[in-house]
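Throughout, protein chains are lettered first and strands after them, A, B, ... in sequence-line order, and every chain is numbered starting at 1. Remember, predicted model here, so these are calculated numbers, not experimental data.
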2 protein chains.
Amino acid sequence: MEEITNYRCTVSVTLDIIGGKWKSLILWQLSFKTLRFSQLQRRLSKVTQKMLTQQLRELERDGLIHRKVYAEVPPRVEYSLTPMGQSVVPILQLMCQWGKDYLIATEQSAAVECAPTLKRIEV
Amino acid sequence: MEEITNYRCTVSVTLDIIGGKWKSLILWQLSFKTLRFSQLQRRLSKVTQKMLTQQLRELERDGLIHRKVYAEVPPRVEYSLTPMGQSVVPILQLMCQWGKDYLIATEQSAAVECAPTLKRIEV
DNA sequence: TCCATTAGTATCCTTTTTGATACTACCATA
DNA sequence: TATGGTAGTATCAAAAAGGATACTAATGGA
């Protein structure tokens, strides 16, 4: 006799919503502060405009982020976490810590920071 | 003036290792007990043999799971978490809880369980 | 002798994801 | 008048991921 699953695992519910290559990183950046589209794009250095737009739309649809459009020219759009989005932050914090520990354990721990080590630049 | 990142975010280190469609779910199943290949495959109902093999190889390479081959016929291979793999479990537990809360908050909470609700079958 | 079993490989093909590029509107400034 | 800046869309092409199928070894049992 053996046990078998005929249930919907809630880990995979979470993966459906914050999984993928970009969503966690977007939420993680927004957990520090509200950001504009272009600021997010600079922080996620490898993301293309198309991907960022797509992922933001999905996060908005799923109720994790809020999109605020200012009626200005040039356009300004600010993204921030909703309460639902805030509730993901503890998971991200654990992931951040685990990643650090992993790098240390595997001796790759050179020059890594969890929160931005920042260089100031002109905007 | 604005802050910009020139660092390697450790959230993305974690994503590189346990991200993707299957790895978290594999680790989650193995957190309950050591499982054979075919047992894992049955628990991850949608995974193909190819995908499961591939993901297990990567998890083994990254030091999260242990692969024990028994010299028997037909072959028997058992997968279990290493200490490094165990250290991921708290993240998975949070994800499990978050998924549950999300379903409740969005009123989709019918018939969902985090740990297997089990039906016994012949093996 | 033939079949079932397990844990895979190998191959080919399809689907999905991702990337690159060009284009838009609107206003301010040089 | 031309240029720059923001936050996008639209389109096509390339790359990656995933799926289907066939195949393997070695043994026990019908």
Side-chain angles (χ1 to χ4, degrees), chain A residues 1-4 12 15-26 29-30 33-62 65-81 121-123, chain B residues 1-4 12 15-27 29-30 33-62 64-81 121-123:
Chain A
M1 301 285 256
E2 198 211 343
E3 298 170 345
I4 198 175
S12 70
L15 285 174
D16 285 348
I17 294 175
I18 64 164
K21 205 172 167 182
W22 297 113
K23 288 181 181 175
S24 300
L25 298 176
I26 291 170
Q29 291 301 329
L30 293 180
K33 61 189 280 202
T34 294
L35 292 170
R36 299 176 63 171
F37 185 90
S38 57
Q39 294 178 307
L40 262 173
Q41 198 175 15
R42 254 171 275 139
R43 279 168 171 72
L44 276 49
S45 51
K46 299 278 162 44
V47 78
T48 60
Q49 200 166 33
K50 177 178 149 189
M51 277 296 106
L52 185 52
T53 303
Q54 203 175 91
Q55 303 295 300
L56 287 169
R57 291 288 179 281
E58 291 180 18
L59 287 169
E60 190 191 4
R61 180 201 65 198
D62 293 333
I65 65 173
H66 175 70
R67 180 167 180 269
K68 183 168 182 185
V69 183
Y70 292 84
E72 297 177 4
V73 167
R76 178 155 68 109
V77 180
E78 285 187 351
Y79 293 92
S80 57
L81 298 186
I121 59 154
E122 299 293 329
V123 166
Chain B
M1 301 283 260
E2 199 212 340
E3 298 171 346
I4 197 175
S12 70
L15 284 174
D16 285 347
I17 294 176
I18 64 164
K21 207 172 166 183
W22 298 112
K23 288 181 181 174
S24 300
L25 298 176
I26 292 170
L27 295 171
Q29 291 301 329
L30 293 180
K33 61 189 279 201
T34 294
L35 293 169
R36 299 176 62 173
F37 186 89
S38 57
Q39 294 177 307
L40 262 172
Q41 198 175 14
R42 253 171 276 138
R43 279 168 171 73
L44 276 49
S45 51
K46 298 278 162 41
V47 78
T48 59
Q49 201 166 32
K50 177 179 150 188
M51 276 296 106
L52 185 53
T53 303
Q54 202 174 94
Q55 303 296 301
L56 286 169
R57 291 289 179 280
E58 291 180 17
L59 287 169
E60 190 191 5
R61 181 200 65 197
D62 293 334
L64 302 194
I65 64 174
H66 175 70
R67 181 168 179 269
K68 183 169 183 184
V69 183
Y70 292 84
E72 297 176 5
V73 168
R76 179 155 68 108
V77 180
E78 285 186 352
Y79 293 92
S80 57
L81 297 186
I121 58 154
E122 299 293 330
V123 166

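Interatomic distance, CG of B:L56 versus CD of B:Q41, reported as 10.0 Å (0.5 Å rounding). Rounding to the nearest 0.5 angstrom, the gap separating the OG1 atom in B:T48 from the CH2 atom in B:W22 is 8.0 Å.
We find that CD of A:Q41 is positioned 14 Å from P of D:dG5, with the value rounded to whole Å. B:K23 places its NZ atom 11 Å from the P atom of D:dG18, with the value rounded to the nearest Å. In this entry the distance linking CZ of B:F37 with P of D:dT24 reads 19 Å, nearest Å. Counting to the nearest Å, the P atom of D:dA25 and the OH atom of B:Y70 are 25 Å from each other. The separation between A:E60 atom CD and D:dA7 atom P is 15 Å, rounded to whole Å. Nucleotide D:dA7 holds its P atom 11 Å from the CG atom of A:L35, rounded to whole Å. The distance from atom CD of A:E78 to atom P of D:dA7 is 9 Å, rounded to the nearest whole Å. For A:L52 and C:dT17, the CG to C1' distance is 16 Å, given to the nearest whole Å.
Distances shown here put a side-chain N or O of A:R36 below 4.0 Å from the OP1 or OP2 atom of D:dA7. For C:dT9, the OP1/OP2 oxygens have a side-chain nitrogen or oxygen of B:R57 closer than 4.0 Å. For the pair A:Y79 and D:dG8, the criterion of a side-chain N or O lying under 4.0 Å from OP1 or OP2 is met. Look at A:S38 and you'll find a side-chain N or O under 4.0 angstrom from OP1 or OP2 of D:dA7. Taking side-chain N and O atoms only, B:R67 has a distance below 4.0 Å to OP1 or OP2 of C:dG8.
When all heavy atoms of B:Q39 and B:T34 are compared, the pair lying nearest together is OE1-O, 4.4 Å.
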Distances for protein N or O near nucleotides 19-25 of chain C N or O, under 3.5 Å:
residue, atom, partner, partner atom, Å
C:dG19, N7, A:K50, NZ, 3.1
C:dG19, O6, A:K50, NZ, 2.4

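Without hydrogens or angle criteria, B:S24 side chain to A:S12 main chain gives no donor-acceptor distance under 3.5 Å.
B:Y79 pairs with exactly one of B:R67, B:Q29, B:H66, B:E60 by the side chain to side chain contact (heavy atoms under 4.5 Å, CB included) rule, that one being B:R67. Among A:I26, A:L59, A:I65, the one residue that satisfies the side chain to side chain contact (heavy atoms under 4.5 Å, CB included) test with A:L81 is A:I65.
In this structure B:E58 satisfies the side chain to side chain contact (heavy atoms under 4.5 Å, CB included) test together with B:K23, B:Q54, B:R61, sequence neighbours excluded.
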